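Start at 1 and go down the list; that is how both ligands and their atoms are numbered. The structure presented is a predicted model; accordingly, all values stated were derived computationally and were not measured.
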Amino acid sequence: MNFNSELMKRLSECISPSGRENNIREIINNEIKDYVDEIEIDALGNLIAHKIGNGKKIMFASHMDQIGMMVTYIDDKGFLRFSNVGGLDPHILLGQRVIFSDGIEGVISSEKIENYSDLKLNKLYIDIGVLNKEEAEKKVNIGDICVFKTEYYENNNFIMCKASDDRIGCYLLIEAIKQQVDSNYDIYYVFTVQEEVGLRGAKTSSYHIEPDLAISIDVTSSGDTPKGVKMAVKLGSGTAIKVKDNSLITHPEIKKMLSTIAEKNNIKYQYEILERGGTDSGAIHLNKSGVPSGVISIPTRYIHTGNELINKEDVLESLKLIISIIKK
Ligand code: CO
Ligand code: ZN
């Protein structure tokens with residue numbers, strides 16, 4: 001298996017923040033529609049692909065949405081104030097280029113700040129290159145959402161791009177679906193909406209599916225950067241099996257199942273404990289009377305920036321693990 005750069009580049013570059021998942025859903029739908037038995041788009045916008053089988057219902061979930069910035073106010077000079085859609089650190093926003101879905105671009109800057117520890121989102125604004133409010137209003141509206149504008153880059157071992165949280169998870173499910181392996185499971189591949197604003201699509205889709213077990217695929221942080229946090233996860237050390245994050249304690253049977261499958265298939269893996277943040281399984285495991293759930297994580301540096309860094313080998317090991325779960 002090789003890394004499919006063309007597909008990942010396309011997924012990363014698609015502008016689809018939370019609540020505006022139409023564009024990315026269309027790309028994914030086109031990629032998978034010939035390989036699954038049924039596709040349903042539910043009322044919230046989740047894309048639910050079903051590969052019919054006789055066994056237990058397993059739900060895989062990757063979120064389609066990405067973080068962004070929503071315009072809240074346009075001042076007389078045409079500068080835009082904004083609110084976060086998902087988790088944003090004001091310090092990484094300074095000087096960043098952003099783009100709206102119709103191609104309008106801007107740059108983020110801040111009011112004069114004496115002490116940068118005081119930097120808050122409400123000190124920041126977006127400059128779209130206009131002279132006044134009237135001109136700005138011809139280009140953007142209150143409620144429009146922009147995302148980072150950066151270019152996809154890749155070398156032999158790494159990819160660097162925006163929104164790999166969680167387009168890399170979408171990539172992995174698409175690639176797994178295309179492998180067409182026989183399974184004992186009744187499989188639901190769910191591309192969820194609005195994860196970044198509170199695991200919302202995962203909540204409704206799991207209620208609908210009622211899975212017997214669930215695995216989410218998402219990025220996780222690492223502890224391998226200079227003076228980084230004390231965290232065991234490293235890029236290049238394989239796929240990461242989540243043990244705990246802020247939204248979930250992985251069901252012990254699922255943790256055992258994932259590590260046993262990894263060992264049997266010579267898949268390089270590491271355990272992950274994430275002290276902040278969560279993902280779709282956090283909502284799914286609380287569905288109805290509970291769903292044994294786990295997460296396959298892709299170690300990632302600089303999450304929620306325009307330049308998230310991922311090791312391609314870790315992606316391929318994650319794909320091998322997903323396929324090994326599905327296989328009879
Ligand atoms: Co995220
Ligand atoms: Zn994510």
State whether a side-chain donor-acceptor pair under 3.5 Å links T239 with S318.
yes
Quick one: does any side-chain atom of S16 pair with a main-chain N or O of I24 as donor and acceptor, under 3.5 Å?
yes
Among the N, O or S atoms of H63, which one sits nearest to the Zn ion (ligand 2)?
NE2
Looking only at N, O or S atoms in D165, which is nearest to the Zn ion (ligand 2)?
OD1
Give a yes/no answer: is there an N/O/S atom of H63 under 2.8 Å from the Co ion (ligand 1)?
no
D166 backbone or side-chain N/O/S under 2.8 Å from the Zn ion (ligand 2)
no
What atom name does the N, O or S atom of H304 nearest to the Co ion (ligand 1) carry?
NE2
Are V190 and Y185 linked, directly or through other ILVMFWY residues, by side chains that come within less than 4.5 angstrom of each other?
no
With the 4.5 Å side-chain cut-off for hydrophobic clustering, are I326 and I174 part of the same group?
yes
Side chains of E151 and Y153 only: does a donor on one sit below 3.5 Å from an acceptor on the other?
no
Metal proximity, E196 vs the Co ion (ligand 1), N/O/S cut-off 2.8 Å
yes
For the residue pair D186 and G55, what are the closest heavy atoms and their distance?
CB-O, 3.7 Å
Is there an N/O/S atom in D165 at a distance below 2.8 Å from the Co ion (ligand 1)?
yes
